[in-house]
Amino acid sequence: MLQPVPASGDSLLDALTRYVPGVIYQFRHDPDGRSSFPFASQGLRELFGITPQSVLNDAEPFFRCIHPEDMPILRAAFRTSARTLAPWDQEFRVVLPARGLRWLHGRAQPQRLDDGSVLWHGFISDTSERRQAEARLHQLAHYDSLTGLPNRRLLLERIAQALSALRRHAQVGALMFVDLDNFKQINDARGHGVGDRLLCQLGARLARELRTEDVVARLGGDEFIVLAAPLATEADAAGRNARALADKLRELLARPCDIDGVRYASSGSVGITLFPKGEESAEDLLREADIAMHRAKAGGRNRIAFFEAEMQAEVEERLALEQDLRRALVAGGIEVHVQTQYDVQGREIGGELLARWLDPVRGPVSPARFIPVAEETGLIVALGDFVLRRACQALARLQRAGNGLQLSVNVSPHQFRRDDFVVCVRDSLRGTGADARGLVFEVTEGLLIDDWQDTLARMQELASLGVRFSIDDFGTGYSSLAYLKKLPLYELKIDRSFVADVAEDASGAAIVQAILSVAGHLGLHVVGEGVETPAQAEFLRAHGCHALQGFLFDRPQPISDWLDRRLQPLPLAAD
């Protein structure tokens, strides 16, 4: 039978183990309750800060090094191993004066001696670095690297846990999706460094001032999630409590943050979904809160919206609409129509190209439905390129026939800001042989405000080709007289909402007169669109509008039909 190794500093075993990392040891527990280390290698100094001689007869110096929270677990594991003679395997912490807290891992095989004592033969190693690496990996995997808040992965775990607990106790909680309003403006104006510090301050504020049981997470960008569970036992009460918590969220966001002496105030749109409602998953709840947040943002920002089942139906319909639109663009399901423009004498001066969609299942789809979807998904670029090509083809046919009509094309900001947009326009003109002087690009006021220098440079480059520019829906966006004189503009289009009121509303009439007056002083051509009554047409003519467009004169018609009527040869004169 194995016996304890004699303690001898000069023993062969001591010499062999002197340079082994960790501690090779024998630990003995006697029937009278005493414990000792009959043998311990010199690694005991490194791991525990004590000498092998100090524990040769009494193991108490060893146990004094153990972290107080781990001591009961360690002693219980030894008792179990002594009773069952099962191997002892335990990870535990020690607290050392010089090295602080360290993680150790001990393994040992027990042996019962003839006198009833139990002798363990084992090895202890330092696992602190592995533990620290695991902690770093856990931090990276479960927490946002910028704010230190839980990330999406950990959030989904917490939501799943909350779902189980709420179902078990018949309680109701809420998930809140918070999106900062206009955060991009801070990044653009002050740089991402300031934006990141603002996110850190806001995240810390939310985590600090909400309830201790609430979970505040960051999904990325300027999106935060608040998991509030439980809130109540009834849905109505939970809804009221969620609303109060969302109001507090907005109040916390509105408090200014000081960054390098500059105070930045913010606001947020909050989407809320209550749960549990059925068998929904954590991902389902996150999607519902996201849908509600977008409804809040669409309602004017800095608002609160609760998720409703109808919202999900709307999102699914929008997705189906996007997929159908994508197929229509590939399969040629989009048509181009033209609405004629007339001068004040009633003579044709051109036409505006308009995209129309006749779906085989949906039937006619209103531009008011599919254009916003195209804008949001980026399909507007392919749609805009298609309309531009048709415009250049039609313009070339008109010009070859000696017809001087101009054609107007709507250009979205997404399309305009493409790096290759100017090249695309140049290629379309060259490929069709169209003269760019007959092409008018209608742009929105928002395009003129964002990224001013790039916009100006690109417009000037296109103007050098001969393309002219018109501001569509003038007066409804960020109207500024400054850009009217700085940009190479040719035309203003008075929005139909103003035209509709000119004959009956004094304020609407005054706005139209002001637009016409400014345009006149700057030498800009003006088109009144949406003209539907003779009274509207007469008002515009009387106040100096150059051109009219609307159902009073002409409805949009397929471009092929529109062209055929204008390219027919004139009838021969009678002899």
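Scope of the values below: all heavy atoms of this structure, side chains included, with no hydrogens, waters or symmetry mates. FYI, the numbering just counts along the sequence from 1. On a predicted model such as this, the values are computed, not experimentally measured, just so you know.
Between Arg418 and Asp385 a salt bridge is recorded (basic side-chain N to carboxylate O distance below 4.0 Å). By the 4.0 Å N-to-carboxylate-O rule, Arg152 lies too far from Glu223 to be salt-bridged with it. Asp236 has no carboxylate O lying under 4.0 Å from a charged side-chain N of Arg240, or vice versa, which leaves the two without a salt bridge. Salt-bridge check for Asp290 with Arg287: failed, with every basic side-chain N at 4.0 Å or more from each acidic carboxylate O.
The shortest heavy-atom contact between Ala289 and Phe177 is O-CB, 3.4 Å. Of all non-hydrogen atoms in Arg541 and Val344, the two that sit nearest each other are NE-O, 3.2 Å. For Glu442 against Lys493, the heavy-atom pair with the smallest separation is OE2-NZ, 3.0 Å. In terms of heavy atoms, Leu285 sits closest to Glu280 at CD2-CG, 3.5 Å. Between Cys257 and Leu202 the shortest heavy-atom distance is SG-CD2, 3.7 Å. Nearest approach of Cys392 to Ala434, heavy atoms of both residues: O-CB, 3.5 Å.
A donor atom on one side chain and an acceptor atom on the other are found under 3.5 Å apart for Glu491 and Ser470. At a cut-off of 3.5 Å, with distance as the only test, no side-chain donor of Gln201 or Asp258 sits close to an acceptor on the other residue.
Residue-environment remark: CD (Glu376) exceeds the threshold of 12 foreign heavy atoms within 6.0 Å. Shown here is Glu279, whose CD atom has no more than 12 heavy atoms of other residues, nucleotides or ligands within 6.0 Å. Counting heavy-atom neighbours within 6.0 Å of Lys277 NZ, excluding the residue itself, gives a total above 12. Shown here is Asp564, whose CG atom has more than 12 heavy atoms of other residues, nucleotides or ligands within 6.0 Å. The environment of Arg458 atom CZ is dense: over 12 non-hydrogen atoms of other residues, nucleotides or ligands sit within 6.0 angstrom.
Under the 4.5 Å side-chain criterion, counting only non-hydrogen atoms from C-beta, Leu439 is in contact with Leu429. Residues Ile494 and Leu516 meet the side-chain proximity criterion, which asks for heavy atoms closer than 4.5 Å. In this structure, Asp454 and Arg417 have side chains that are in contact, with non-hydrogen atoms separated by less than 4.5 Å. Residues Asp324 and Val361 have side chains not in contact (no heavy-atom distance under 4.5 Å, counting atoms from C-beta outward). Between His337 and Trp562, every side-chain heavy-atom pair lies at or beyond the 4.5 Å cut-off. Side-chain contact between Tyr342 and Thr340 is present, with at least one heavy-atom pair separated by less than 4.5 Å. Taking the side chain as every heavy atom from C-beta outward, Val387 and Gln415 never approach each other to under 4.5 Å. The shortest side-chain heavy-atom distance between Leu456 and Lys486 does not fall under the 4.5 Å cut-off.
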Criterion side chain to side chain contact (heavy atoms under 4.5 Å, CB included) on Leu155 and Leu219, from CA distance to verdict: CA-CA 9 Å; Leu155 173 67; Leu219 289 190; 4.1 Å; yes
Between Leu395 and Thr432, does the side chain to side chain contact (heavy atoms under 4.5 Å, CB included) criterion hold? Intermediate values first, please. CA-CA 9 Å; Leu395 193 60; Thr432 59; over 6 Å; no
Can you list the steps and then say if Phe275 with Asp284 is a side chain to side chain contact (heavy atoms under 4.5 Å, CB included)? CA-CA 10 Å; Phe275 69 96; Asp284 292 333; over 6 Å; no
The test is salt bridge (Lys or Arg N to Asp or Glu O under 4.0 Å); show your working for Arg295 and Glu308 and say whether it passes. CA-CA 10 Å; Arg295 175 61 61 87; Glu308 300 171 359; 5.5 Å; no
Begin from the C-alpha positions of Leu198 and Phe183 and carry the test side chain to side chain contact (heavy atoms under 4.5 Å, CB included) through to its verdict. CA-CA 10 Å; Leu198 178 60; Phe183 179 74; 3.9 Å; yes
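Atom CG of residue Leu180 and atom CD of residue Gln185 lie 12.0 Å apart, to the nearest 0.5 angstrom. Note: Leu383 CG to Ile380 CD1 = 5.0 Å, rounded to the nearest 0.5 Å. Note that CZ of Phe307 is 13.0 Å distant from CD1 of Ile272, once rounded to the nearest 0.5 Å. Once rounded to the nearest 0.5 Å, the distance linking CG of Asn403 with CG of Leu405 reads 4.0 Å. Taking CD1 of Ile371 as the reference point, atom CG of Leu379 lies at 10.5 Å (rounded to 0.5 Å). Distance CZ/Arg565 to CD/Glu348: 10.5 Å, rounded to 0.5 Å.
Although no hydrogens or angles enter the test, the distance criterion places a donor-acceptor pair under 3.5 Å between the side chain of His546 and the main chain of Val526. Looking only at distances, a side-chain donor or acceptor of Arg205 sits under 3.5 Å from a matching main-chain atom of Arg255. Asp343 places a side-chain N or O within donor-acceptor distance of the main-chain N or O of Arg347, the cut-off being under 3.5 Å. Counting only distance, with no hydrogens or angles, the side chain of Asn151 and the backbone of Leu154 share a donor-acceptor pair below 3.5 Å. With hydrogens and angles ignored, the 3.5 Å screen pairs no side-chain donor or acceptor of Thr147 with any backbone N or O of Cys200. Panel note: side chain Ser517, backbone Gln513; no donor-acceptor pair is recorded below 3.5 Å. With Arg250 contributing its side chain and Ser267 its backbone, the two residues share no donor-acceptor pair below 3.5 Å.
Ring pair Phe441/Phe469 is perpendicular by interplanar angle, where above 60° counts as perpendicular and below 30° as parallel.
Residues passing the salt bridge (Lys or Arg N to Asp or Glu O under 4.0 Å) test with Glu335, sequence neighbours excluded: none.
With Gln339 as reference, Gln549 is the one residue of Glu529, Gln549, Arg555 to meet the side chain to side chain donor-acceptor pair (under 3.5 Å) rule. When each of Lys297, Arg301, Arg218 is checked for a salt bridge (charged side-chain N to carboxylate O under 4.0 Å, His left out) with Asp179, only Lys297 meets the rule.
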